[in-house]
Amino acid sequence: ERTMPALASRLPAPAARTLLFAGLWVVVAGIDPGSWVIGVPAVAAATWASLRLEPHPGHRFSPAGALRVGSIFLRESLRGGIDVARRTLGRRLDIQPGFVTYHNRLPAGRPRLLFVTCVSLLPGTLAADLRDDALVIHLLDSRVDTRDDLAQLENAVAGLFNIVPIPSHD
């Protein structure tokens, strides 16, 4: 008798992950066939992202780290949307655009790439350029100090990959 884990371990990684994400979709959205209009692209995107973000040898993926990054993703997406709307839709345009350079402490590769991708979730920030460890960030309001938010996000991404950030040279 084959058990589900034994069967899943025999499937190629893309097929196993597609089944996993499809199962999660059914848990979240139910069995309504109409939900698959959104579900098929969501399952495909989740499968693609999970395969692309698979850690390099020596980097173990942390489920607890994934929950932390996920919670930051949700919180900062909401916070960022509200902040940008407040600044740009108010009576007075409350912005002072500028650039800042942040020296990230993650190793090159997927950890650094995920961090750079997630930076734009933070309120009023947009990753503009990356050269080695120097990340140039466009700020909607350069009067706001974003270093703590960036460090928190960077530590969460490090936790996702079970790595310790490189000591800062600042």
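Computation of the quantities below employed the complete heavy-atom set of this structure, encompassing side-chain atoms and omitting hydrogens, waters and symmetry-equivalent molecules. Position 1 is the first residue of the sequence, and the numbers go up from there.
- Annotation: side chain of Glu154 is not in contact with side chain of Leu135 (no heavy-atom distance under 4.5 Å).
- Residues Val27 and Phe21 are members of separate hydrophobic clusters, defined by side-chain heavy-atom contacts under 4.5 angstrom among Ile, Leu, Val, Met, Phe, Trp and Tyr.
- Thr125 places a side-chain N or O within donor-acceptor distance of the main-chain N or O of Val119, the cut-off being under 3.5 Å.
- Of all heavy-atom pairs spanning Phe99 and Ala128, the tightest one is CE2-CB, 4.1 Å.
- In Asp132, the CG atom is not crowded: 12 or fewer heavy atoms of neighbouring residues, nucleotides or ligands sit closer than 6.0 Å.
- Taking both residues in full, the closest heavy atoms of Ser77 and Leu121 are given as OG-CD2, 3.4 Å, listed atom of the first, atom of the second, then distance.
- Closest approach of Pro111 and Val157 over heavy atoms only: O-CG1, 3.4 Å.
- Nearest heavy-atom pair, Pro165 versus Asn155, reported as atom, atom and distance to 0.1 Å: CG-OD1, 3.7 Å.
- Put simply, the side chain of Leu153 does not reach to within 4.5 Å of the side chain of Phe73, judged on heavy atoms.
- For the pair Trp25 and Ile38, the minimum side-chain heavy-atom distance is below 4.5 Å.
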- Please lay out, stage by stage, how Leu113 and Leu130 fare under the test side-chain contact (heavy atoms from CB on, under 4.5 Å). CA-CA 10 Å; Leu113 199 54; Leu130 176 64; 5.7 Å; no

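- A distance of 8.0 Å separates OG1 in Thr101 from CD1 in Ile137, rounded to the nearest 0.5 Å.
- Note on Asp83 versus Arg87: salt bridge recorded, some NZ/NE/NH1/NH2 to OD/OE distance being below 4.0 Å.
- Cluster annotation: Val116 and Val69 are assigned to the same hydrophobic cluster (Ile/Leu/Val/Met/Phe/Trp/Tyr, side-chain heavy-atom contacts under 4.5 Å, transitive).
- In this structure, CD in Gln152 is found 6.5 Å from CD in Glu76, a value given to the nearest 0.5 Å.
- Without hydrogens or angle criteria, Arg147 side chain to Tyr102 main chain gives no donor-acceptor distance under 3.5 Å.
- One N or O on the side chain of Arg112 and one on the backbone of Leu106 form a donor-acceptor pair closer than 3.5 Å.
- One N or O on the side chain of Ser142 and one on the backbone of Gln96 form a donor-acceptor pair closer than 3.5 Å.
- The local environment of CZ in Arg131 is sparse, with at most 12 non-hydrogen atoms from other residues, nucleotides or ligands closer than 6.0 Å.
- Looking at every heavy atom in both residues, Leu122 comes nearest to Leu150 through CD1-CD2, 3.6 Å.
- The two residues Pro14 and Thr18 come nearest to each other via the heavy atoms O-OG1, 2.7 Å.
- Heavy-atom contacts from other residues, nucleotides or ligands closer than 6.0 Å to CG of Asp145 number more than 12.
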- Query: Would Leu93 and Thr88 satisfy side-chain contact (heavy atoms from CB on, under 4.5 Å), going step by step from the backbone distance to the final call?
  - Reply: CA-CA 5 Å; Leu93 191 61; Thr88 59; 4.3 Å; yes

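- With hydrophobic clusters built from ILVMFWY side chains whose heavy atoms lie under 4.5 angstrom apart, Val43 shares a cluster with Val26.
- Summarising the geometry, atom CD1 belonging to Ile95 is positioned 9.0 Å from atom CZ belonging to Arg143; distances are rounded to the nearest 0.5 Å.
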